[in-house]
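Residue numbers run from 1 in the order of the sequence given.
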Amino acid sequence: MARFRAYSSDESDDDEQQDDNVSEENPFDADEEPEQESSEDEQEDSDMHEDELMPVRNKTALVQDDDGDYDVIMPQREPSLPPQMAALDAQRIRVMQTSLFRMPEEAENMRAMMNMPEQRALRVLQPHLNRKHSRDSDGDGMRVDARERASFAHDIGPPAYRPSRKYARVSTTSSVFQGHDEVSVDAGLSFGRSFRVGWGPGGIIAHLGALTAPSAKSAISSNSSIINLTSAPIYSDEKPRELSAKLLQHHLSHSPISPDQDDVPFSSPSPLDLNFGSFASLFPTTDHSYEATLFRLGHALFDPINTRLGPEITVDIKNCVSSLARKAAFSAWLEHSVSPTVESLLRNPNITPTERVWLLLTGNQTERACEAAMDGGYMKLATLIAQAGGDLDFREDIKSQIEVWRNDKVDVHIDKYIRRIYNILAGEKVDEGIDDWKRAFGMHLWYAETLDTSLGEVFGRFSHPGVEADGQFALLRLFADPAWSLTHMLKPSGKLDYSLAWHLYIIISRVIGVRDFADREEPYGEEEDEVEGHSPTADLLTSMYSLQLEQLGLIQEAAFVLLHLESSAGRLKAVKDLMARSAPLFDDWVIRGLVGSLKLPMAWVNEAQAIHALSLSRPFDAYKLYLDARMWAPAHDIAVRELAPEAVIRRDINTLRELFSRFPAHERVEGWSIRGKLFVDYAELFSKLSEEKSPEETDNVTRTANRLISLLPDVVYDPVALDEMLRELVKVVDKGRLVASKGLALAAPQLAYVDGPTRISHLRAVGVKRFLKTVQVN
């Protein structure tokens with residue numbers, strides 16, 4: 001190993017040899033300077049040693065030792081020794097170092113450092129390309145330079161920092177592309193990297209190219225100039241429109257609509273009239289559809305029950321009676337719900353008498369089961385069936401009889417339906433042979449549990465495979481399990497059918513208030529003015545159901561659903577966007593429903609129709625609709641961009657003046673003084689040209705014309721109209737200069753947007769003015 005030395009000595013031959021190796025193995029130290037002697041005695045001595053010829057290292061260098069390892073030699077300059085220390089030999093110096101410094105400890109530390117494992121730095125190879133469409137301006141390493149250093153003493157600095165390109169969103173009014181949409185010739189080139197899928201009315205998708213799966217290949221390129229409109233099927237099971245319309249009409253009749261604190265209409269369901277029972281009454285009793293059965297189940301589980309108990313009855317007794325009444329109501333619903341299944345199974349012509357009895361027991365039709373048993377000749381069995389679901393002593397007697405059959409090993413010779421009937425009477429294995437959860441749960445409720453067992457306890461002991469996806473079972477679990485989340489229950493039936501999920505949310509959360517979404521925020525405010533927290537899941541569910549109704553063409557119903565959004569700003573934007581997308585479907589009946597039934601402002605309807613008129617290139621209709629909606633800014637913009645230039649080209653000054661006279665308060669219109677007022681001044685100026693004017697009035701007209709010449713190029717975007725206006729104004733200015741008074745001082749008009757003949761005419765008028773002025777002076 002190479003050693004670090006403080007100075008060189010004539011007696012250290014090993015050090016000289018090591019230094020020679022360093023000089024040979026480090027050829028990169030090109031800028032080193034020879035050492036200068038500082039002592040006069042050393043300058044007079046002509047015998048120079050090799051150590052004196054050693055160059056002084058000004059920079060760090062890597063030196064390889066005998067073991068092949070590299071050590072770093074720091075830049076050091078050998079100090080010149082005083083004359084009194086030059087005579088000391090090396091042995092005496094080592095003794096002095098040992099006595100003054102703690103050499104053993106330092107040696108031990110050096111030895112420990114040498115034994116430490118070598119830590120190699122990770123070498124990160126810079127790839128040639130980081131991504132497919134890499135840009136040098138992003139600083140992502142597109143250009144990989146071969147960076148080398150002259151020697152190990154020269155460190156390579158970090159690469160120059162290249163800031164990434166920053167993008168900022170520019171508003172539409174500030175964009176340079178505003179008003180120049182027709183400039184785009186190739187839509188694929190313009191929108192190829194910025195166009196995103198856009199949703200239209202009725203589930204229409206606007207997109208470039210073809211809609212394919214991520215792994216599929218499309219024959220149509222997305223860099224096309226054609227924007228396709230594709231209808232996406234949102235309503236999964238083609239449910240008839242009448243069902244949604246019927247449910248929402250009932251909902252609207254029991255939901256008053258009133259403005260909130262931000263003056264945005266809001267629908268608040270009535271807690272007294274809107275419940276499960278009111279929805280269940282919409283379906284006939286013979287209707288066993290899924291929707292009718294679901295609302296009847298909610299009525300049995302959640303609607304208030306009138307126990308007809310007086311105020312003197314204690315709370316415990318009221319709770320016990322209420323629990324029994326709730327259980328009886330659910331039992332009646334369950335019996336009514338499974339009756340179609342039982343009846344369909346009884347129609348089997350090959351059914352045996354014992355199987356008929358068992359099927360009737362699965363539907364809790366005990367009376368009919370007794371009659372079937374007697375008809376089949378099982379008189380004693382009929383007497384036992386009459387006591388089904390009885391007391392515990394009866395069940396124990398049946399269990400003992402079953403045990404006797406097992407001990408005597410005769411149970412295998414007994415009819416299996418007889419064994420099932422005896423198991424039902426004993427309260428054991430009551431759901432054997434049943435594949436649907438309703439009848440299985442009914443067997444536990446009717447035959448396996450006692451009368452005083454609550455519905456929640458029965459549910460806790462019940463288990464049946466494949467019932468989690470059923471909405472009716474989820475509603476039962478929501479009632480029986482307090483830990484069950486409303487989010488898990490309100491999943492759409494099918495792919496994107498949110499109708500029942502939304503109605504259940506309104507009843508359970510907004511009307512009854514027994515359960516809510518987990519993401520609802522805590523209420524805030526004082527107790528008297530407490531405001532309920534917001535739930536994003538509730539708003540998302542409402543928006544999805546509204547989109548589903550919009551695809552069906554139920555615009556009024558979709559707007560009514562959006563009135564249940566909790567945020568005022570979100571409700572305002574969602575309803576306006578819906579009306580803007582559905583404006584082509586507006587007729588007198590739809591408008592009366594939106595304004596009359598939903599109490600939406602007529603200004604919102606006019607705004608939606610104005611947007612639709614603009615899409616059909618009918619700017620004047622849009623201008624009138626915006627004025628009717630008292631939306632001065634867009635009406636003013638249409639007048640400036642579309643209508644006023646056309647009136648100028650037609651030279652219809654009266655129409656031009658009338659366009660801007662319908663704005664009642666010009667101070668409310670943004671940019672009125674630098675946009676609309678210029679057209680008003682132009683119209684007034686030309687209406688006064690035919691009148692006789694005094695010199696002062698002539699000077700004012702000339703000043704106004706000269707001012708308009710400099711301002712109109714920034715306002716008028718139609719080149720034909722601008723050329724017409726500037727040509728007439730230049731004529732007014734030239735004519736006014738000839739008859740102007742001496743006190744009139746005008747700046748030279750800006751003629752950058754004026755055509756050639758007008759410029760020539762202006763120059764001729766200026767020359768005439770100067771000539772006349774010269775003649776007058778002379």
Is it the case that the side chain of [X] and the backbone of [Y] share a donor-acceptor pair, with hydrogens and angles ignored and the cut-off at 3.5 Å?
X: S337; Y: L334; value: no
X: R657; Y: V680; value: no
X: D303; Y: G277; value: yes
X: D539; Y: E566; value: yes
X: S535; Y: D519; value: no
X: S278; Y: N275; value: yes

Just wondering, do [Y] and [X] contact through their side chains at under 4.5 Å, heavy atoms?
X: D681; Y: R707; value: yes
X: I317; Y: V321; value: yes
X: Q548; Y: W502; value: no
X: F276; Y: L297; value: no
X: L600; Y: V605; value: no

Passing option when S267 is tested against R510, H564, K599 for side-chain hydrogen bond (donor to acceptor under 3.5 Å, both in side chains):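 Per the side-chain hydrogen bond (donor to acceptor under 3.5 Å, both in side chains) rule, the option paired with S267 is H564, out of R510, H564, K599.
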Polar contact flag, side-chain donor to acceptor under 3.5 angstrom, [X]-[Y]:
X: S270; Y: H254; value: no
X: S289; Y: D287; value: yes
X: H534; Y: S567; value: no

R571/D260 ion pair, N-O < 4.0 Å: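 Judged by the 4.0 Å cut-off on N to carboxylate O distance, R571 and D260 do form a salt bridge.
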Aromatic ring proximity [X]/[Y], centre distance under 6.0 Å:
X: Y505; Y: F517; result: yes
X: F441; Y: F330; result: yes
X: F586; Y: H612; result: no

Quick one: [atom1] on [X] to [atom2] on [Y], what's the gap to the nearest 0.5 Å?
X: L541; Y: M544; atom1: CG; atom2: CE; answer: 9.0 Å
X: I653; Y: E684; atom1: CD1; atom2: CD; answer: 11.0 Å
X: E550; Y: L552; atom1: CD; atom2: CG; answer: 10.0 Å
X: L572; Y: L562; atom1: CG; atom2: CG; answer: 11.5 Å

Name of the residue among Y682, F679, W632 meeting ring-ring contact (aromatic ring centres under 6.0 Å, His included) with F660: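 Among Y682, F679, W632, the one meeting ring-ring contact (aromatic ring centres under 6.0 Å, His included) with F660 is F679.
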How close do [X] and [Y] get, heavy atom to heavy atom, and via which atoms?
X: S597; Y: L252; value: CB-CD2, 4.4 Å
X: H636; Y: G671; value: CE1-O, 4.0 Å
X: I638; Y: A622; value: CD1-CB, 3.9 Å
X: H336; Y: T285; value: NE2-O, 3.3 Å

Parallel, tilted or perpendicular: rings of F279 and H250 (30°, 60°):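 Aromatic pair H250/F279 classed perpendicular.
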Plane angle bin for F302 and F479 - parallel if under 30°, tilted between 30 and 60°, otherwise perpendicular: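 Geometry flag for F302 against F479: perpendicular rings.
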[atom1] of [X]: more than 12 outside heavy atoms within 6.0 angstrom?
X: D588; atom1: CG; result: no
X: K246; atom1: NZ; result: yes
X: H299; atom1: NE2; result: no
X: E457; atom1: CD; result: yes
X: K318; atom1: NZ; result: yes

Quiz item: cation-pi between R641 and Y717, 6.0 Å / 45°: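 The answer is yes; both the distance and angle limits are met.
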